[in-house]
Each structure stands twice: as structure tokens, then as C-alpha cells.
Amino acid sequence: MPILFDVDVLNPRLSTHEGLGLRCRLRNQGEPVALLPGPFDRSGAFRIRLLDPAQNQLREMSRLSSQVYMDGGRVDSSLDLDTLGTGEQWDWEMDLASCHYTIPPGDFLIDAVYDYEPEAISLRAGPVPVRVAEDPLALVSSVHDNPILERLTLLIEAEAEDGPAYFLRYYSYDLPQAAWYSTRVLAGEQAEAPFLASAGYYQSREIDLGYQHWIVWRRGESVCARRYDDGEPSPDYRAAPLPEESTLIPSAFHTSDDQLYLFFWARSGRLECHRLEPDRLVEVFERATRARPGSLISIGADESAIHVATAWRGVFYECLDYTGRPIERLHLAPTRLQPVSLVYEPAERRIKGLFRDGPHGRTLRLVVADFENDALSECQIDRLPLRDDLLELSFDQDRKGRFHLLASTAGGRLYYWADGRGPILVAEGEIRYHPLVVAPLKVYLGCYRREYGYRFVQYQRRRQGSKFVGRELHP
């Protein structure tokens with residue numbers, strides 16, 4: 001039975017920060033009708049292989065590996081058969097970011113295998129050469145929200161040969177290994193200082209809303225935004241002149257009906273809220289705040305209120321209605337330590353703040369204000385036992401209340417610390433790691449390495465041998 005199998009690589013020259021795209025075709029050119037594993041079969045009949053130039057296999061990617069990296073539960077390898085009639089053809093596309101970690105820099109080959117023993121079918125397509133660029137990392141920003149499922153989204157800025165390049169990567173929050181997608185964005189937009197808007201709602205009606213993201217950026221004297229659907233640019237683009245003598249705050253949110261709320265520091269020092277429409281800004285409110293312009297500030301929302309967290313002698317929290325009137329004000333965890341980071345996470349309705357005793361200090365204070373459970377948690381580290389100056393810090397608190405910290409040093413090392421355990425060396429050799437801790441129950445440590453890009457490795461305290469899973473070049 002003549003079955004033709006073919007695979008095209010959609011982006012044979014790509015960055016290590018983006019997923020490899022494939023277009024696959026299976027065509028029945030003979031008699032009779034065939035009952036075969038379909039495009040969404042989970043049995044592993046269809047597999048993609050990453051090969052070195054000598055055609056030695058480095059990785060195998062399939063719906064099976066996607067379940068391992070995306071679901072984390074028991075793998076379902078059941079057959080999903082479909083009818084391929086005479087003269088019929090199946091066409092489907094895949095983003096391999098959902099099947100494995102993104103591919104490290106280098107020259108590789110990609111081939112595809114399709115095996116189904118009951119019909120005596122064993123097909124191979126390729127190999128096709130691909131070149132993966134290193135594109136050194138410049139910046140990583142993240143949003144943790146929950147429009148339908150809890151998600152973690154990264155906006156990655158890298159230094160490509162032709163200038164800055166941006167990538168949108170969307171993870172399941174509980175398992176940030178493979179990504180739903182990792183795509184190049186903002187091409188041709190001349191974007192300055194782009195950032196993600198968080199979802200200011202939770203709903204259970206439309207699954208598609210979980211795959212939509214808004215990116216906001218400056219361009220000259222204008223503020224611009226575009227919605228991305230499944231990582232692809234939508235027609236919904238908005239731009240308007242910036243308010244006079246104002247500074248755009250890199251914190252915004254959008255509603256389920258695509259109203260986009262932006263925030264600015266006015267020249268007077270007051271906080272301004274505007275709604276961005278297709279060609280103009282509509283002022284919603286203006287109000288005084290305890291913090292000064294330029295202070296750390298993070299803003300999120302839900303259907304009933306806007307949540308503003310500012311670094312002012314600790315954490316100052318304001319809950320506002322959609323006209324800017326205060327519902328609640330709280331001064332949390334007062335301290336004279338200097339703020340390092342502050343974020344409001346809409347997914348868990350909590351504020352995370354990190355403070356230290358000056359640019360060369362090793363005394364740290366980690367604060368989590370959990371409004372969902374009406375709890376305030378703190379972790380004081382009187383002196384982190386590291387010799388070098390600290391450069392980058394990131395922390396999280398897991399759902400059992402334990403704190404987890406990543407710290408990079410001027411000596412080019414990255415360490416992990418957790419509730420008295422550590423420091424444990426995670427990586428060395430980079431100037432900046434852009435660390436990010438994600439620890440809902442399992443512990444994932446995000447960091448940049450030139451040899452494989454940006455990746456979350458898992459820390460398993462009870463694992464024999466190395467405690468880290470996913471640090472190998474090709475796990």
C-alpha cells in the first residue's frame with residue numbers, strides 16, 4: 001500500500017529561544033482504505049528525531065514526550081486510529097516546544113519516523129538541516145495569571161544578529177518544562193521596553209482565552225499594544241500618543257472583553273490609569289500614592305477590583321474599584337531594607353516582595369502577602385553564606401509555606417537556597433542568569449545558559465546522584 005510521508009521544517013534557521021515548527025503530510029496513494037494512527041495519536045507511532053551532523057540521535061520528540069514534559073502524570077500511549085481513504089491526505093503542524101526543551105545552539109538534522117506494524121508501515125522523512133542561533137539573552141520578564149488555567153508566560157529579549165529579538169513562551173505553571181508554544185513576536189514593531197499585560201479575570205467558558213496574551217510597548221512618543229493568539233499576532237493592534245510628561249509603568253492588565261488598562265506616573269507624581277483604545281487613551285482615574293515615581297510598583301486586577309502594590313517602607317497595598325476609589329489599604333511588612341523586587345500575582349492573589357540591606361548586603365527579607373488565604377509570611381536571612389557580592393535574586397513560596405531562593409554572584413555562580421538548606425550550586429560560568437523560581441509544589445529553577453538557552457530545571461532533594469533534572473544538553 002503506497003503511503004507517502006513528508007515533513008517540512010517551517011523555520012530551518014531559528015533561535016534557541018523559539019520552538020521548531022513542522023508541517024507534516026501523510027497521503028494514501030493506493031488501494032484500499034487504511035486505518036492508521038492519526039495526527040493526534042498518543043502511541044508514539046509518529047516521532048521526530050533530533051540528530052547531530054553524523055546522524056546520531058540526540059533526542060526523540062513525540063506526543064509521548066509531550067505528555068511527560070507538559071502533563072507530568074501517567075503517560076497515555078493508547079492508539080488513536082483514523083481512516084485515510086484512497087487519495088486522501090492528512091496535513092498537520094507541530095511546534096516542538098510542546099514536546100521537549102527548546103533546542104540548543106548548533107547545526108543539527110531533523111527527521112521524522114512513522115511506524116505502524118499492523119499495516120507493515122515503516123516510513124522516514126528527511127533528514128532536513130536546521131541551524132539554531134545562540135542569540136544571547138538580554139532580559140526575561142514574566143507574568144503568572146489564571147484566565148482559565150494557571151499559567152506562566154515569559155517575554156524573552158535576546159540579542160540577535162540583526163538587533164533585538166523577542167520571544168513569547170507560554171508554560172503550564174505547575175510544570176514549566178516544555179511550553180505550549182515559544183514563538184518570535186514583535187517582528188518589525190520597533191518596540192521599546194515591551195512588557196506583558198496580565199489577565200484581570202478568571203473564567204471557565206472559553207478555553208481560547210487562555211492562549212491569548214497582550215504585549216505593550218513604547219515606540220517614540222507613542223504607546224502600542226497587540227494581542228497575540230496562540231503566539232501569533234492578531235489584527236487587534238492599538239496605538240496612541242503618550243500622555244504629556246508622563247512615564248509608562250511596565251504593569252498592565254486586560255479584561256475578558258479585551259479592555260486594556262495601562263498605568264503612568266504623571267509629572268505631579270500621581271498615578272494615572274488609562275484605557276487603551278484602537279487610536280487613543282481614555283483616562284479612567286488619577287490618584288495620589290505613597291510611593292514616588294520610579295518606585296517599584298506592580299498592578300493587577302480581577303473582575304471586581306484593581307490591586308496596586310508599591311515598595312514604600314516595606315509593602316504598601318491598595319485595593320481600588322474601577323473608578324480608582326479605595327476599597328482597602330494595608331501597610332505590610334514594614335522595613336527599612338531596600339526593595340529588590342515586588343510583584344502582584346493575579347493567579348494566586350498574592351504579593352511577593354524581596355528586600356536587602358544595600359547593594360552589597362547579604363541580609364535578605366522575603367515577604368509574601370497571600371490575600372486568598374488572608375496570610376502574611378516572611379523569611380529573614382540574616383546573612384546569606386556566600387563570599388561574592390549578590391547580583392540577581394529571585395524567590396518563591398510553595399503551597400506548604402516553604403521559601404525557595406535563587407541567587408547569582410559577581411563570580412558567575414548561581415546558588416539555590418531553601419529554608420535553611422544550601423546554598424547549593426546550580427550553575428556557573430555566566431555573567432547573568434536571569435533567575436526565576438517557580439515552586440508551587442515541585443521546585444523549578446529557571447536560568448539562562450549559553451549552551452542551551454533559557455530553561456527550568458527541577459530540583460529533587462531525595463533524588464540519588466545529581467539533585468537536578470534537566471541540566472543536560474539533551475535530557
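If you read the sequence from its start, that first residue is 1, and numbering goes on from there.
Residues Asp230 and Trp180 have side chains not in contact (no heavy-atom distance under 4.5 Å, counting atoms from C-beta outward). Looking at heavy atoms from C-beta onward, His213 lies out of side-chain contact with Val185 at the 4.5 angstrom threshold. Side-chain contact between Val340 and Leu364 is absent, with no heavy atoms from C-beta onward closer than 4.5 Å. With a 4.5 Å cut-off on side-chain heavy atoms, Val367 and Glu378 count as touching.
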Requested in this report: Give the C-alpha distance, both sets of side-chain angles, the deciding distance and a yes or no for side-chain contact (heavy atoms from CB on, under 4.5 Å) between Val437 and Leu445.
Outcome: CA-CA 5 Å; Val437 183; Leu445 309 175; 4.2 Å; yes
Report task. Show your reasoning for whether side-chain contact (heavy atoms from CB on, under 4.5 Å) applies to Arg59 and Ser65. Result -> CA-CA 10 Å; Arg59 298 184 187 180; Ser65 68; over 6 Å; no
**Report entry** Check against side-chain contact (heavy atoms from CB on, under 4.5 Å), Trp312 and Arg292
**Finding:** CA-CA 9 Å; Trp312 183 80; Arg292 296 177 180 177; over 6 Å; no
Requested in this report: Please assess Ile249 against Phe195 for the test side-chain contact (heavy atoms from CB on, under 4.5 Å), listing each intermediate value before the final yes or no.
Outcome: CA-CA 10 Å; Ile249 295 172; Phe195 60 93; over 6 Å; no
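Checked by atom type and distance alone, the side chain of Lys352 pairs as donor or acceptor with a backbone atom of Phe395 at under 3.5 Å. In this structure, the side chain of Ser66 engages the main chain of Ser98 through a donor-acceptor pair within 3.5 Å. No donor-acceptor distance shorter than 3.5 angstrom exists from the side chain of Ser15 to the backbone of Asp135, with no hydrogens or angles considered. At least one donor-acceptor pair under 3.5 Å links the side chain of Glu392 to the backbone N or O of Tyr433. When atom types are taken as modelled, the side chain of Tyr181 and the backbone of Glu232 share no donor-acceptor pair closer than 3.5 angstrom. In this structure a side-chain-to-backbone donor-acceptor pair under 3.5 Å is present from Arg449 to Glu428. Without hydrogens or angle criteria, Asp357 side chain to Thr363 main chain gives a donor-acceptor distance under 3.5 Å. A donor-acceptor distance shorter than 3.5 angstrom exists from the side chain of Arg362 to the backbone of Arg387, with no hydrogens or angles considered. Panel note: side chain Tyr228, backbone Leu186; a donor-acceptor pair is recorded below 3.5 Å. Judged purely by atom type and a 3.5 angstrom limit, Arg455 uses its side chain to pair as donor or acceptor with the backbone of Gly470.
A perpendicular orientation is assigned to the rings of Tyr448 and His434, their planes being inclined by more than 60° (bins at 30° and 60°). By the 30° and 60° cut-offs, the orientation of the rings of Tyr171 relative to Phe456 is perpendicular. Classification of the Phe253-Phe263 ring pair by plane angle, with boundaries at 30° and 60°, yields tilted.
Qualifying side chain to side chain contact (heavy atoms under 4.5 Å, CB included) partners for Ala407, counting only residues two or more places apart in sequence or in other chains: Leu384, Leu386, Leu390, Leu393. Taking Phe355 as the reference, nothing meets the ring pair (Phe, Tyr, Trp, His ring centres under 6.0 Å) condition, with sequence neighbours excluded. In this structure, the side chain to side chain contact (heavy atoms under 4.5 Å, CB included) partners of Pro293, at least two apart in sequence or on a different chain, are Trp265.
Summarising the geometry of Ser394 relative to Pro435, their closest heavy-atom pair is CB-O, 3.4 Å, with the distance given to 0.1 Å. Smallest separation of non-hydrogen atoms from Ala239 and Leu276: C-CD1, 4.5 Å. Between Arg471 and Ser466, the closest heavy-atom pair is NH2-OG, 3.7 Å. Contact between Cys447 and Leu414 at its shortest, heavy atoms only, is CB-CD2, 3.6 Å. Listed here is the closest heavy atom pair of Pro440 and Asp396: N-OD2, 4.4 Å. Between Gly210 and Pro147 the shortest heavy-atom distance is CA-CG, 4.0 Å.
No side-chain donor from either of Ser234 and Asp236 sits under 3.5 Å from a side-chain acceptor of the other.
Annotation: Tyr69 is in aromatic contact with Tyr101 [ring centroid separation under 6.0 Å]. Taking the six-membered ring for Trp and the full ring otherwise, Tyr452 and His474 have centroids separated by 6.0 Å or more. Between Tyr344 and Tyr317, the distance from one ring center to the other does not fall under 6.0 angstrom.
A distance of 4.5 Å separates CD in Glu283 from NE2 in His274, rounded to the nearest 0.5 Å. Rounding to the nearest 0.5 Å places CG of Leu155 at 8.0 Å from CG of Leu139. Interatomic distance, Ile431 CD1 to Leu391 CG, rounded to the nearest 0.5 Å: 10.0 Å. Going from atom CD1 of Ile306 over to atom OG1 of Thr323 covers 8.5 Å, rounded to the nearest 0.5 Å. For the atom pair Leu366 CG and Ser341 OG, the distance stands at 8.5 Å (nearest 0.5 Å). Interatomic distance, Gln259 CD to Tyr261 OH, rounded to the nearest 0.5 Å: 4.0 Å.
The number of heavy atoms from other shown groups lying within 6.0 Å of CG (Leu441) is above 12. Residue Asp107 places its CG atom among more than 12 non-hydrogen atoms of other residues, nucleotides or ligands, all under 6.0 Å distant. The local environment of CZ in Arg463 is crowded, with over 12 non-hydrogen atoms from other residues, nucleotides or ligands closer than 6.0 Å. Within 6.0 Å of CD on Gln203 lie more than 12 heavy atoms contributed by other residues, nucleotides or ligands.
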Cut-off 3.5 Å, no hydrogens considered: what does the side-chain donor-acceptor table look like for residues 416-427, sequence neighbours left out?
unit_1	atom_1	unit_2	atom_2	d
Tyr416	OH	His404	ND1	2.7
Asp419	OD1	Phe403	N	3.4

Show the atom names and distances, to 0.1 Å, of all donor-acceptor pairs under 3.5 Å that link a side chain in residues 214-224 to residues at least two apart or in another chain.
unit_1	atom_1	unit_2	atom_2	d
Trp214	NE1	Asp258	OD1	3.1
Arg219	NH1	Glu189	O	3.2
Arg219	NH2	Tyr237	OH	2.7

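Residues in residues 10-22 take part in these salt bridge (Lys or Arg N to Asp or Glu O under 4.0 Å) pairs, two or more places apart or across chains: Glu18-Arg184.
Considering Val143, Leu154, Asp145 as possible partners of Leu196, the one that fulfils the side-chain contact (heavy atoms from CB on, under 4.5 Å) test is Val143. Partner of Leu20 under the side-chain contact (heavy atoms from CB on, under 4.5 Å) criterion, chosen from Val130, Val132, Leu10: Val130.
The pair Arg399-Glu348 meets the salt-bridge criterion, with a side-chain N (NZ, NE, NH1 or NH2) lying under 4.0 Å from an Asp/Glu carboxylate O. Under a 4.0 Å N-O distance rule, the pair Glu134/Arg450 does not qualify as a salt bridge. The existence of a salt bridge linking Lys442 and Asp174 is excluded, since no basic side-chain nitrogen approaches an acidic carboxylate oxygen closer than 4.0 Å. Using a 4.0 Å cut-off between a side-chain N of Lys or Arg and a carboxylate O of Asp or Glu, Glu277 and Arg275 qualify as a salt bridge. Residues Arg350 and Asp370 are not paired through a salt bridge, judged by the lack of any N-O separation under 4.0 Å between the basic side chain and the carboxylate.
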